[in-house]
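No hydrogens, no waters, no symmetry mates; every other heavy atom, side chains included, goes into these values. Model, not experiment: these values are computed from the prediction.
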Amino acid sequence: MTTGFETVRVALPGRDYDIRIGPGLLMEAGAHVAPLLRRPKVAVITEERVAGLHLATLEAGLAAAGIICEALVLPPGEGTKCWAELERSVEWLIAREVGRGDMVVAFGGGVIGDLAGFAAAILRRGVRFVQIPTSLLAQVDSSVGGKTGINSPFGKNLIGAFHQPSLVLADVSLLGTLSERDLLAGYGEVVKYGLLGDEAFFDWLETGGPDLARGDGAARIRAVRRSCEMKAGIVERDETEQGERAHLNLGHTFGHALEAATGYSDRLLHGEGVAIGCLLAFQTSAALGLCSQETPGRVAAHFEAMGLKRSLRDISGELPDADGLIRLMAQDKKAQDGKLVFVLARGIGEAFVARDVDVGVVQRLLDEALTDRRS
Ligand SMILES: NC(=O)c1ccc[n+]([C@@H]2O[C@H](COP(=O)([O-])OP(=O)(O)OC[C@H]3O[C@@H](n4cnc5c(N)ncnc54)[C@H](O)[C@@H]3O)[C@@H](O)[C@H]2O)c1
């Protein structure tokens, strides 16, 4: 027996799956996962913070359907997306004889989803896995769409594979234990969906966003659902990012450079970099005459109302100069043949990929932002 939840279907031929969204899904995890299993046993990969708060509930939820689980508990944080933890995870799975017919459960935020998904992708050339995302960012973005991987010392997400999950269980009640900062960082990815492709969703977020931040369950479900619907639609049309999927990178060329510049540390979380990057992308679009001059102001006003980081001013410590940031952008894996690729916009909800951006315009904008930061 399961209680009420909403479903978004990701319709990929031969690899279609449900994203189930609702409160209390963790306690019912066994009922959702059991139909996918060949034997009543799963291997859970998680991290210390999430395990301390929620692993007992997951274990009880699985046990209620007669499913036994063993868990590998890794350290929390971006540093876990590395070769050493990948090796540890894969060897742990092999030692537990997790085979082709078995199921790995990725239980955590985007870090665990990416790492455990990649471990499942390369274990015995591909074992199925379930995503149980616990952060807002993971519920609206990283658990959906099959991008898995780890970071290289040369940059973020440079090692990985496409491997779609068999099921995503997004239990919105888990968001209640997130820190305000992590919740807001995830919100950076929520607002990105409105900005890239759905102006009506952005309109709603201008009032619904503060409700979501205050803990309104209905607002959280609506935001997670709409984000997942948009991501599912884009992934169905362009699974391996030959075209439209690149729109999801709105804010990421700037954001990844800022994350690299801050050493992937807690000076700047991924979703915070995305939010600052989205605003820079709208400012670039306005400077190039692609969107109205008022549009970046509307985006900035919403970010301010939400208490989101929105400019280079909001990043503590030293930053490279504009040339240094542009060099970091050129290293991003989205750069092609050394040319910078940006996702820009003709208005809210109208993103497109721009490959021939005048770097001088970006440089001037970054110079201004860096000067403003020093003033
Ligand atoms: N695969 C993709 O398509 C994709 C998309 C976007 C981002 N990402 C990746 O996702 C990662 C960022 O994800 P994230 O922000 O979830 O990071 P994260 O996994 O580090 O989680 C953020 C913080 O929240 C904590 N946390 C998670 N769930 C919690 C809960 N329910 N209660 C209390 N604390 C909780 C974690 O311990 C951590 O400190 C980055 O590595 C990024 O590259 C991947």
Side-chain angles (χ1 to χ4, degrees), residues 2 5-22 25 28-45 62 65 67 69 86 89-90 93-94 96-108 110 112-133 138-150 157 159-171 193 196-197 224-249 333:
T2 54
F5 58 88
E6 303 197 14
T7 302
V8 176
R9 187 89 182 145
V10 184
L12 287 167
R15 286 159 303 132
D16 49 336
Y17 57 94
D18 276 0
I19 306 163
R20 296 185 188 151
I21 304 158
L25 288 176
E28 299 170 349
H32 292 277
V33 172
L36 304 170
L37 301 183
R38 295 188 193 148
R39 57 173 173 161
K41 194 172 176 188
V42 293
V44 176
I45 298 183
L62 291 168
I67 300 168
C69 78
L86 176 72
S89 304
V90 172
L93 291 167
I94 293 172
R96 267 136 206 92
E97 298 176 354
V98 175
R100 277 269 181 89
D102 289 320
M103 191 68 74
V104 173
V105 175
F107 182 48
I112 288 296
D114 281 11
L115 174 83
F118 188 38
I122 59 175
L123 175 67
R124 303 182 202 277
R125 300 202 177 86
V127 167
R128 296 171 307 148
F129 78 116
V130 171
Q131 287 269 21
I132 306 188
Q139 295 193 353
V140 300
D141 193 353
S142 61
S143 66
V144 175
K147 279 191 184 176
T148 69
I150 57 170
N157 299 331
I159 305 135
F162 284 99
H163 187 48
Q164 297 291 342
S166 302
L167 174 70
V168 181
L169 287 181
D171 181 343
Y193 289 103
L196 74 89
V224 173
R225 184 193 172 106
R226 183 61 195 139
S227 301
C228 288
E229 277 171 359
M230 287 188 69
K231 182 141 187 195
I234 291 172
V235 168
E236 283 163 9
R237 293 187 291 275
D238 178 22
E239 185 182 4
T240 57
E241 202 169 310
Q242 306 306 308
E244 188 188 355
R245 188 163 182 169
H247 293 182
L248 294 169
N249 299 327
K333 69 180 180 332

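- The heavy-atom pair separating P35 from A31 by the smallest distance is CD-O, 3.3 Å.
- Not a single donor-acceptor pair under 3.5 Å links the side chain of D18 to the backbone N or O of T7.
- Of the inter-residue distances, the one linking T240 atom OG1 with K147 atom NZ reads 9.5 Å to the nearest 0.5 angstrom.
- Q139 contributes a side-chain N or O that, together with a main-chain N or O of P133, makes up a donor-acceptor pair within less than 3.5 Å.
- Of the residues R226, R20, R225, the one that meets the salt bridge (charged side-chain N to carboxylate O under 4.0 Å, His left out) test with E6 is R225.
- Judged as a salt bridge (charged side-chain N to carboxylate O under 4.0 Å, His left out), and not counting sequence neighbours, R128 has no contacts.
- Every residue two or more places apart in sequence or in another chain was checked for a salt bridge (charged side-chain N to carboxylate O under 4.0 Å, His left out) with R245, and none qualifies.
- Remark: side-chain polar atoms of T148 are paired, donor with acceptor, to backbone N or O of A161 under 3.5 angstrom.
- Here the shortest heavy-atom pairing between A138 and G110 reads CB-N, 3.7 Å.
- Taking all atoms of both residues into account, the shortest heavy-atom contact from A119 to L93 is CB-CD1, 4.2 Å.
- Counting only heavy atoms from C-beta outward, the side chains of L248 and Y193 approach each other to under 4.5 Å.
- Between F5 and H32, the angle of the ring planes goes over 60°, which puts this pair in the perpendicular group of the 30/60° scheme.
- How far CD1 of I45 is from CG of L115: 6.5 Å, rounded to the nearest 0.5 Å.
- Considering all non-hydrogen atoms of both residues, H247 and L196 come closest at O-CD2, 3.6 Å.
- Atom-to-atom distance recorded for I19:CD1 and C228:SG is 4.5 Å, nearest 0.5 angstrom.
- Residue V224 comes nearest to A170 through the heavy atom pair CG1-CB, 4.5 Å, listed as atom of the first residue, atom of the second, then distance.
- Atoms CD and OH, from Q164 and Y17 in turn, are 4.0 Å apart once rounded to the nearest 0.5 Å.
- Taken to the nearest 0.5 Å, the CZ atom of R15 stands 11.0 Å off from the OG atom of S166.
- Taking both residues in full, the closest heavy atoms of V98 and A43 are given as CG2-CB, 3.8 Å, listed atom of the first, atom of the second, then distance.
- Without hydrogens or angle criteria, H163 side chain to I122 main chain gives no donor-acceptor distance under 3.5 Å.
- Here the CG atom belonging to L123 is positioned 10.5 Å from the CG atom belonging to L86, to the nearest 0.5 angstrom.
- Within the structure, side chain to side chain donor-acceptor pair (under 3.5 Å) contacts touching residues 33-45 (residues at least two apart or in different chains) are R39-D102.
- Put simply, the side chain of E244 never gets that close to the backbone of D238: no donor and acceptor are under 3.5 Å apart.
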